[in-house]
Amino acid sequence: MGLTNVGSNNFRSEIIWAYKRWSNSKKGLLNSHQNIFFYSKTNNYKFNTLYTNYSLTTNLDQILQNRVKDSDGITVYQTDQDGNIVNNYDKKGVPLSDVWNIPYLNPKAKERNGYPTQKPILLLEQIIKIGSDEGDIVLDPFCGSGTALATAKLLKRKYIGIDISDEAINLCKERLTGNIVKTDSKLLEDGIEKYNHKSKEEQFIIDLFDCLPIQRNSGIDAIIPSEDKENVIALKFQKDNESLEECISKMNKSCKIKGIKNKIIIKNKLSQKTNSFEKDSEDIIILSSYKELLTNLIKVAKNYKK
Ligand SMILES: C[S@@+](CC[C@H](N)C(=O)[O-])C[C@H]1O[C@@H](n2cnc3c(N)ncnc32)[C@H](O)[C@@H]1O
């Protein structure tokens with residue numbers, strides 16, 4: 001077939017799929033992972049890098065500052081000829097590693113279809129997103145209850161499934177013609193919530209605008225990254241125990257250090273009763289709520305269309 005690389009040469013990665021388990025009847029370490037071997041047919045293969053959020057203990061400096069190797073091969077923060085720190089404002093997060101924490105389907109999950117070896121859609125989602133784009137074909141020659149096929153359908157890929165068992169094929173047909181049920185990861189969310197100090201409303205805005213959440217910085221709660229430094233936007237939520245003046249001052253301080261010019265503050269509930277929309281001399285846009293943010297966005301969009 002003209003393949004120059006065969007066997008181990010086609011091996012790319014070993015992925016560890018790790019999950020929590022609650023019982024362990026045998027003596028020894030609890031078995032709570034499975035191994036996925038990633039192979040490609042040739043060296044020229046499709047690979048979409050997925051990104052995950054920075055660890056909650058990562059601070060703003062670590063996120064923004066570029067790193068380079070010095071003459072001794074030691075990784076240091078990059079500086080320009082005047083010794084100023086060089087920032088990269090277009091960080092997307094941390095590339096996905098080969099250890100995946102994805103919960104196993106619990107026995108009562110709605111996604112369960114009764115097939116004994118059924119895998120979670122969340123797991124197949126990651127695999128399919130990495131190796132294909134919309135419109136590509138996903139083949140699972142041991143498709144069982146059709147998790148790979150159902151996931152491919154959800155992700156707008158075409159799919160082909162093969163299985164020796166009639167029961168599996170019937171289940172697949174049923175699953176693919178009906179409403180595909182997917183269980184989202186409560187476990188992952190709960191784990192993150194433990195460290196995440198953003199309120200539900202703050203998290204909503206962060207998700208809505210695809211912001212990069214920033215932890216452990218009193219002046220910036222999130223940034224909207226951009227390749228062009230001039231377009232980076234910093235977001236701060238006024239805390240309940242913060243006056244608006246304190247809030248502005250903290251934000252100005254953090255943004256000045258980081259060279260971020262576009263600043264938005266969303267006031268807390270107490271301050272919302274005061275001026276609803278204002279633009280102060282320091283060029284911070286101050287909004288009384290995220291709803292106002294959306295309302296203004298719609299006004300801008302309508303003007304833009306005219
Ligand atoms: C681990 S299960 C797949 C489960 C699937 N990932 C899911 O989420 O439901 C493996 C499947 O391979 C099928 N199988 C085993 N030997 C086969 C063969 N020679 N040809 C086709 N399918 C086969 C089995 O019937 C079984 O459904």
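Worth saying up front: this structure is predicted, and the values here are computed from it rather than measured. Each ligand, and each atom within it, is numbered from 1 in the order the structure gives.
- Contact check on R12 versus D98 returns no salt bridge, with no Lys/Arg side-chain nitrogen under 4.0 Å from an Asp/Glu carboxylate oxygen.
- Grouped with V232 in one hydrophobic cluster are Y54, L60, I63, L64, Y89, V94, L212, I214, I220, I223, I260, the linkage being side-chain heavy-atom contacts under 4.5 Å among Ile, Leu, Val, Met, Phe, Trp and Tyr residues.
- Applying the side chain to side chain donor-acceptor pair (under 3.5 Å) test to Q34 and every residue at least two apart in sequence or in another chain returns Y19.
- Taking 4.0 Å as the cut-off between side-chain N and carboxylate O, K236 and E242 count as a salt-bridged pair.
- Evaluation of the salt bridge (Lys or Arg N to Asp or Glu O under 4.0 Å) rule for K119 yields no partner, not counting sequence neighbours.
- The number of heavy atoms from other shown groups lying within 6.0 Å of CG (D82) is above 12.
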Contacts table for ligand 1: protein N or O within a distance under 3.5 Å of ligand N or O, distances only.
| unit_1 | atom_1 | unit_2 | atom_2 | d |
| --- | --- | --- | --- | --- |
| ligand 1 | 8 (O) | K119 | N | 2.9 |
| ligand 1 | 8 (O) | T147 | OG1 | 2.5 |
| ligand 1 | 9 (O) | S145 | N | 2.8 |
| ligand 1 | 9 (O) | S145 | OG | 2.5 |
| ligand 1 | 22 (N) | I164 | N | 3.1 |
| ligand 1 | 25 (O) | D163 | OD1 | 2.7 |
| ligand 1 | 27 (O) | Y115 | OH | 2.5 |
| ligand 1 | 27 (O) | D163 | OD1 | 3.4 |
| ligand 1 | 27 (O) | D163 | OD2 | 2.7 |

